[in-house]
Amino acid sequence: MFGDFPALPPERRNLAWQVFLDPATRALYVNWEDKAEVTVSLLRQELARIPDDPALTARITELTVQSEEFRRFWARHDIKDKGFGTKQLDHPVVGPLTLTYGTLHVAAEPEQTLVTHHTAPGSSSEAALRALAARATACGAAG
């Protein structure tokens, strides 16, 4: 639903990179500014938790250099928790999707977060997700 991570080069297997530097990911999110704001906030939280992480620092530096929008959001110093809410996507294969999400933070493993997505039963978004699942299954069987 959010792209083919294994097909990406390792340095691009990062949601922050994708949100700010990948045009296809940007086009996926109908409310891109909201997604960007939350993404920056999560990076700030991680930097506060592990300030000496060289990979995280390098990612933030890369985004700062390459994205004017990232610099604008980063300068705000906002902190928001992802929590729960609704995402609207414009998927390149199945079109509009409305997903409700919830986030579970694992206290014993602070680097682990589980995000669940679901749709309203009987909705066009549910039908679209089923179509994506069928397509993924068919592609997997063919590969």
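All residue numbers in this chain count up from 1 along the given sequence.
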So which atom in A48 and which in P51 form the shortest heavy-atom distance, rounded to 0.1 Å? O-CD, 3.8 Å
Search all heavy atoms of R44 against all heavy atoms of D78 and return the closest pair with its distance. CD-O, 3.6 Å
Run the salt-bridge test on R26 and E69 with the 4.0 Å N-O cut-off and return the result as yes or no. yes
Between T119 and T98, which heavy-atom pair has the shortest distance, and what is it? CG2-O, 3.6 Å
To the nearest 0.5 Å, what is the distance between CD on E62 and CZ on F20? 12.5 Å
Should L63 and L21 count as side-chain neighbours, where that means a heavy-atom distance under 4.5 Å? yes
Under a 3.5 Å distance rule, please check whether S125 uses its side chain to pair with a backbone N or O of L97 as donor and acceptor. no
What distance separates L89 CG from T25 OG1, expressed to the nearest 0.5 Å? 10.5 Å
Report yes or no: does R12 contribute a side-chain atom to a donor-acceptor pair with the main-chain N or O of W17 at less than 3.5 Å? no
Do other residues, nucleotides or ligands put more than 12 heavy atoms under 6.0 Å from the CZ atom of R130? no
Do L99 and L129 have side chains that approach each other closer than 4.5 Å (heavy atoms only, starting at C-beta)? yes
Can you tell me if OH on Y101 sees more than 12 non-hydrogen neighbours from other groups inside 6.0 Å? yes
Atom NZ of K35 and atom CG of L28: how far apart are they, to the nearest 0.5 Å? 9.5 Å
Let me confirm one number: the CD1-CG distance from I60 to L47, rounded to the nearest 0.5 Å. 4.5 Å
For D53 and E46, run side-chain contact (heavy atoms from CB on, under 4.5 Å): C-alpha distance rounded to whole Å, both residues' side-chain angles, the deciding distance at 0.1 Å, then the answer. CA-CA 9 Å; D53 183 315; E46 279 299 291; over 6 Å; no
Following the transitive rule for hydrophobic clusters with a side-chain heavy-atom cut-off under 4.5 Å over Ile, Leu, Val, Met, Phe, Trp and Tyr, establish whether I50 and W74 coincide in one cluster. yes
Any chance you could measure H118, atom NE2, to E126, atom CD, to the nearest 0.5 Å? 11.0 Å
Output the distance between atom CD (E37) and atom CG (L42), rounded to the nearest 0.5 Å. 11.0 Å
Closest non-hydrogen contact found for L43 with F70 is CD1-CE1, 3.7 Å
